[in-house]
Amino acid sequence: MSAVMTEQNIYATQFSEIAGRLPGRGLAWVDRLRKTAVERFLDLGLPTTRLEDWKFTNVAPIRRLTFRPVNQVNASIPQPLRSQLDLFPSPRLVFVDGLLDRKLSGLAFGTTPPFAEERANGTPPNLGGEFLGLHLAGLSDSLADPNQAAILESHLGRYAETSDRAFAAWNTGFFADGACVMISPGTILTHPVHLVFISTGAGEPRATYPRNLILAGERSQVAVAEVFLSASGGVYLTNAVTEIVAGAGATIDYYKMECESAGGFHVATVKATLDRDASLTSHSISFGAALARNDLRVALDGEGSQCTLNGLFVVDGQRLVDNHTEIDHRKPHATSRELYKGVLAGHAQGVFNGAIIVRKDAQKTDALQRSRNLLLSENAQINTKPQLEIRADDVRCAHGATIGQIDRESMFYLKSRGLDERAARQILIRGFAAEIIEGIRVSSIRQQSEIRLGEWFEGKLEAS
Amino acid sequence: MLRIRNLCASIDGKQILRGLNLDVNAGEVHAIMGPNGSGKSTFAQVLAGRDIYGVTADDLTFEGRNLLEMPAELRARNGLFLAFQYPVEIPGVSNLYFLRSAVNAVRAHRGLPELDAVDFLSVARTHAQKLGLDDAMLKRSVNQGFSGGEKKRNEILQMMMLEPRLAILDESDSGLDIDALKIVADGINAMRHPERAIILVTHYQRLLNYIAPDRVHVLIGGSIVRSGTKELALELEQRGYSWLEQPAGVEA
């Protein structure tokens, strides 16, 4: 029997074992969604490097392992990580090995869970209630609530394509929990929503399948930050899918921080769909993993919609990070801005693939893409590729990519002021990263980025 | 303080400095003048420790220490400072952070505690004000978007903060209008001190109207062909350099 058959058999068997207890079981639309997706996943198998989209990233290490789904969480979160959680105030949801931890999650704005006392007093409401225009709940809980399930039916799985995407199909079949973030029309949320995903990585290789849905009503304004943390150096897979829907005139500030361990695998798909005059600003901060793949796909599906996609990836050792973005200009007068910056040291590998599609009707499209990369070692590698498909004629579309090393003249300038090699390099790398980090408007994410960068300089990431 | 004998420097197989000799004592101001391409900037960079040059010398000592064995950062920590002709832009790094890192690196080497942020800021502001640099300039990225004159003044600010024993100023006067020139000259004059030496590298005599040098040297073809008092600078202003550009038999 071929390896491919084996891998598919394993996950087909797993699915038949767990399907009966997955959330939404019994809801016809959920059962159908899962069944179709699993069939698709088994059909496609895991991607190979023969696929253009996976040319530089070989998922063979994922194929070689068998990842078990998580039924219940036994592992406790170590103390350093608990104090790290304090950086991310509520409203927040915390997921441990993919499942919602209610004690660590809460709605109260600007405080730090646990919220046991506040709950006892009845305010603020429990998760799942609406509070100041925000509805925040676990996906599993939401599917169990008929009113919420009715809303979910018209959104969940409607945006992220699964037909030719094995990982997204796998997630759609296997998801056990995730975040459900809904913002009422006209609501301007003053506090960012934090979604924190912690992998404990304990024991045999586990897989989690976080599934998130962010619905921003018309003219609403919200910041949502997804943070992926690891509690140990174990081997695990995070296969996440996030669907974002921005109603007309909505403004979404979206952040993703990927801080997985050196032994972790992280594959995530984010699909955002923007209605007329909606705006999405995304910051993707990634410190790599054994393999980290960030797919970010934005459909500019309304006139005058706009997106800004900023990314920073900082990798060393044997880490790999692959950023695939796609901006689909479907309607006229839409604007996109994109800047991804990479810092690569050791034997690290990086990929940036930026697709920009301009449809025939998307006249007056204004798209600008830049990729800037700093290679710190001879053994580090970056593949950067713009991918433009332009079918309209009255558009402005520009792109540029650079790969450089630390500038020797800048080094001399710093050294001539008394700074040694190490300090001078750090200053220049920080300066390079600053263009992205300074654009982060959510202070927790900006701080966490700076802390992580500091740890990276100290070489701590390789130990974790 | 600085003793140079038979200093030679080359880059890409091209000889730039050819047997340069110079002595500078504490408290003195020396002007190094010369036409374009005579090796002035190379001389300044070699003193500061630029590692792209192949450098040899019979003697190159700064306060009794052999500079040839010292990397750039150690020279700086020991009190040698170069004001760049073309200061480098460093995007994303605030001028203030850069200055503080530099000052603390030098202080650590001297066994002094780090300056705390508040003390540092007040010192930096005081000096910056004297140079006509406002707070916004301190917060902006190092030299980024600075005008030519602002870059030159920012170099002087760094010199004031670092309080070097030997300051080499490479064309700190070039590209300045008369007001900026006066500000820069005032800054340099304020640094004159019996314990400190200053080397002014310049193409024009103009700066010397504001800063009276103790010695003037003419650098041509990679070596010093004539030395004198400040009157030599005036003579150069009137006669140019061509009368000194005789290859053989000139006094060193």
Side-chain angles (χ1 to χ4, degrees), chain A residues 283 285 310-314 339-343 370-374 376 400 402-441 446-447 449-454 456-458, chain B residues 44-53 70-95 97-110 112 139-144 151 154-155 157-159 161-164 167-168 170:
Chain A
H283 284 84
I285 314 292
N310 290 330
L312 174 67
F313 50 101
V314 182
L339 172 62
Y340 268 69
K341 297 187 97 167
V343 179
R370 287 187 299 147
S371 157
R372 299 268 178 275
N373 302 283
L374 192 54
L376 300 179
T402 59
I403 300 170
Q405 287 152 5
I406 294 259
D407 178 48
R408 287 184 69 173
E409 197 164 339
S410 304
M411 282 296 285
F412 175 61
Y413 190 59
L414 294 172
K415 286 181 177 178
S416 79
R417 299 301 182 250
L419 297 159
D420 61 20
E421 175 90 16
R422 188 181 159 79
R425 279 169 79 94
Q426 278 198 23
I427 284 184
L428 293 176
I429 295 164
R430 277 185 192 279
F432 179 81
E435 192 178 0
I436 301 296
I437 292 178
E438 281 171 4
I440 298 176
R441 281 169 294 200
R446 197 171 52 242
Q447 281 175 36
S449 302
E450 276 161 6
I451 291 169
R452 284 279 160 172
L453 198 58
W456 189 78
F457 286 126
E458 300 305 320
Chain B
Q45 298 234 335
V46 163
L47 283 184
R50 184 84 203 248
D51 58 6
I52 56 173
Y53 298 100
M70 256 194 250
E73 64 269 29
L74 272 185
R75 297 184 195 197
R77 290 176 193 177
N78 281 308
L80 195 149
F81 177 87
L82 169 67
F84 280 52
Q85 183 183 4
Y86 302 111
V88 179
E89 297 184 8
I90 306 179
V93 178
S94 89
N95 211 9
Y97 178 81
F98 164 63
L99 270 173
R100 204 168 146 223
S101 305
V103 167
N104 283 332
V106 170
R107 286 178 69 90
H109 185 75
R110 293 175 189 165
L112 297 169
K139 285 173 189 155
R140 271 172 35 201
S141 290
V142 180
N143 293 322
Q144 205 178 28
K151 284 181 182 171
N154 200 33
E155 294 292 289
L157 172 63
Q158 292 170 42
M159 174 174 73
M161 297 298 297
L162 291 168
E163 301 182 324
I168 304 143
D170 188 4

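Chain letters run A, B, ... following the sequence lines, proteins first and then strands; every chain starts at 1.
For B/Glu155, the part lying near chain A is the side chain, with the backbone staying farther off; criterion is any non-hydrogen pair under 4.5 Å. Heavy atoms closer than 4.5 Å to chain A are found in the side chain of B/Val142, but not in its backbone. With a 4.5 angstrom heavy-atom cutoff, A/Glu409 touches chain B via backbone and side-chain atoms both. No part of B/Pro164 comes within reach of chain A, as not one of its non-hydrogen atoms sits under 4.5 angstrom from that chain. When heavy atoms are compared at a cutoff of 4.5 Å, B/Arg50 approaches chain A by way of both its backbone and its side chain.
Classification of the A/Phe412-B/Phe84 ring pair by plane angle, with boundaries at 30° and 60°, yields tilted.
Ranked by heavy-atom pairs under 4.5 Å with chain B, the list A/Arg408, A/Glu438, A/Lys415 is led by A/Lys415. With respect to chain A, the highest number of heavy-atom pairs below 4.5 Å among B/Ile90, B/Asn104, B/Val106, B/Val103 belongs to B/Ile90.
Across B/Val93 and A/Ile427, no two heavy atoms sit closer than the pair CG2-O, 3.3 Å.
Put simply, the side chain of A/Val314 does not reach to within 4.5 Å of the side chain of A/Ile429, judged on heavy atoms. In this structure the side chain of A/His283 never reaches within 4.5 angstrom of the side chain of A/Ile437, judged on heavy atoms.
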Q: Kindly indicate, with the supporting measurements, whether the criterion salt bridge (charged side-chain N to carboxylate O under 4.0 Å, His left out) is fulfilled by A/Arg422 and A/Glu458.
A: CA-CA 11 Å; A/Arg422 188 181 159 79; A/Glu458 300 305 320; 3.7 Å; yes
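Considering CD1 of A/Ile436 and CZ of A/Arg446, their distance stands at 14.0 Å, rounded to 0.5 Å.
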